[in-house]
*Asks:* 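Questions regarding the structure given below will be posed in turn.
Residue numbers start at 1 and run along the sequence shown.
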Amino acid sequence: MHLLTLIIGIVLLPTAYTLKCYECVPEILGTCTDTEKQCPNEGYQCGALRILTYAGGSELADVNMKTCALAEQCVEGSVNFGVARTVVTSKCCGTELCNSQLAPEPSKSSPNGKKCFSCNGQQCTATLNCEGNEDHCVSTTVNLGGEKTTIKGCASKQMCSSMENVQISGAIPGTTTCCQGDFCNSASSTSAGLLLLVAPLVSTVMFS
């Protein structure tokens with residue numbers, strides 16, 4: 001009798017509801033097409049993400065994507081290394097196929113008074129004026145081609161949290177540290193290959 005009750009209970013138990021969202025992962029070149037995807041569990045929302053990368057005031061890349069997203073992946077912020085700045089916007093929602101629209105364009109930003117060190121050639125003593133909601137200084141060190149490469153700059157709080165979470169999970173083979181206070185990222189180091197790091201760093205952080 002107990003076994004029958006158990007079986008009936010399992011059959012009648014409602015299955016955990018998961019959202020169905022649009023998924024659109026761009027290729028290296030060109031655009032992508034929306035497909036429908038069932039999210040893996042009920043902790044996910046539908047999300048749209050936009051990543052823009054600038055260098056010297058010119059736009060280098062504008063990448064749009066859609067997928068199932070966790071709340072902590074729905075961020076808005078930027079990482080600014082001086083020679084290159086990457087801005088992330090997102091739009092997340094909690095209903096079926098609600099991510100039909102692209103993430104919004106970032107708002108215009110201006111210097112906010114905070115200052116951090118950035119790298120210029122082999123020296124990391126240049127002053128960088130942080131912009132928008134960049135309220136932390138950041139230092140990221142990775143191993144590229146057997147050489148330790150460090151880049152420094154400004155970052156938003158949400159971007160710092162995302163980078164550190166991915167670093168802990170092992171998705172980024174290096175270290176990222178964020179701190180608050182002008183010029184708090186002051187340890188001396190060398191720098192190279194900035195643009196090789198910016199886009200992979202942010203795309204790994206988001207929606208990985």
Side-chain angles (χ1 to χ4, degrees), residues 45 47-65 69-93 103-120 123-142 149-169 171-172 174-191 193-208:
Q45 306 173 57
L49 172 75
R50 187 168 191 170
I51 303 172
L52 292 99
T53 301
Y54 303 91
S58 300
E59 184 180 297
L60 285 185
D62 183 356
V63 178
N64 285 280
M65 63 183 74
L70 296 170
E72 58 266 26
Q73 294 172 317
C74 300
V75 302
E76 295 199 19
S78 56
V79 181
N80 185 0
F81 295 118
V83 296
R85 183 172 186 258
T86 297
V87 184
V88 177
T89 66
S90 64
K91 183 178 182 180
C92 292
C93 49
E105 289 191 24
S107 56
K108 298 290 183 181
S109 63
S110 56
N112 60 23
K114 300 183 183 301
K115 300 178 186 296
C116 299
F117 283 113
S118 66
C119 301
N120 183 6
Q123 301 297 318
C124 293
T125 55
T127 296
L128 179 63
N129 294 310
C130 302
E131 299 180 26
N133 64 356
E134 296 164 1
D135 54 0
H136 284 61
C137 294
V138 62
S139 178
T140 299
T141 302
V142 297
T149 299
T150 298
I151 52 178
K152 296 176 182 289
C154 305
S156 307
K157 180 180 179 179
Q158 281 191 306
M159 296 299 291
C160 280
S161 298
S162 295
M163 285 188 289
E164 288 168 352
N165 288 341
V166 174
Q167 171 190 309
I168 291 169
S169 72
I172 294 179
T175 58
T176 298
T177 56
C178 290
C179 56
Q180 283 188 288
D182 288 347
F183 301 114
C184 61
N185 59 340
S186 59
S188 61
S189 59
T190 59
S191 170
L194 286 166
L195 295 182
L196 294 176
L197 289 173
V198 175
L201 178 66
V202 176
S203 60
T204 300
V205 167
M206 299 300 299
F207 289 46
S208 55

*Asks:* Of the non-hydrogen atoms in L60 and A55, which two are nearest, and what is the gap between them?
*Replies:*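 That closest heavy-atom pairing would be CD1-CB, 3.6 Å.
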*Asks:* Do any N or O atoms from the side chain of N185 and from the backbone of F117 form a donor-acceptor pair under 3.5 angstrom?
*Replies:* yes
*Asks:* Identify the heavy atoms of E76 and N133 that sit nearest to each other, and give their distance.
*Replies:*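 Taking E76 first and N133 second, the nearest heavy atoms are O-ND2, 3.6 Å.
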*Asks:* Return the minimal non-hydrogen interatomic distance between Q45 and C74, and the atom names on each side.
*Replies:* NE2-SG, 4.5 Å
*Asks:* Check whether any side-chain heavy atom of K114 lies under 4.5 Å from a side-chain heavy atom of D182, and answer yes or no.
*Replies:*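 The answer is yes, as the side chains (C-beta and beyond) meet within the 4.5 Å cut-off.
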*Asks:* Is the closest side-chain heavy-atom distance between E131 and C154 below 4.5 Å?
*Replies:* no
*Asks:* How about N129 and K115: do any of their side-chain heavy atoms sit closer than 4.5 Å?
*Replies:*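 When only atoms from C-beta onward are counted, K115 and N129 do touch, with a gap below 4.5 Å.
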*Asks:* So, taking the atom named OG1 in T140 and the one named NZ in K152, what distance separates them when rounded to the nearest 0.5 Å?
*Replies:*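 With rounding to 0.5 Å, OG1 (T140) is 9.0 Å from NZ (K152).
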*Asks:* Could you pull out the closest heavy-atom pair between N80 and E134, with the gap in Å?
*Replies:*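 So the minimum-distance heavy-atom pair works out to CB-OE2, 3.4 Å.
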*Asks:* Is there a side-chain contact between T89 and E105 (heavy atoms, below 4.5 Å)?
*Replies:*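 They are not in side-chain contact.
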*Asks:* Does the C116 SG fall under 2.5 Å from that of C137?
*Replies:* yes
*Asks:* Quick one: does N64's side chain have a donor or acceptor within less than 3.5 Å of a partner on R50's backbone?
*Replies:* no
*Asks:* Calculate, to the nearest 0.5 Å, the distance between atoms NZ and SG belonging to K157 and C178 respectively.
*Replies:*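 Result: 11.5 Å between the selected atoms.
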*Asks:* Can you find a pair of side-chain heavy atoms, one from F81 and one from L128, that are under 4.5 Å apart?
*Replies:*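 They are not in contact (no side-chain heavy atoms under 4.5 Å apart), so the answer is no.
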*Asks:* Under 3.5 Å, side chain of T141 to main-chain N/O of T150, donor-acceptor pair present?
*Replies:* no
*Asks:* Do you know the tightest heavy-atom contact between E59 and L52?
*Replies:* OE1-CD2, 3.7 Å
*Asks:* Give yes when the SG atoms of C119 and C124 are nearer than 2.5 Å, otherwise give no.
*Replies:*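 Taking the criterion (SG atoms under 2.5 Å apart), C124 and C119 satisfy it, so yes.
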*Asks:* In Å, rounded to the nearest 0.5 Å, how long is the span from CD of Q158 to OG of S78?
*Replies:* 11.0 Å
*Asks:* Between S139 (side chain) and T177 (backbone), is there a donor-acceptor pair under 3.5 Å?
*Replies:*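 No, the answer is negative, given that no donor and acceptor are paired below the 3.5 Å cut-off.
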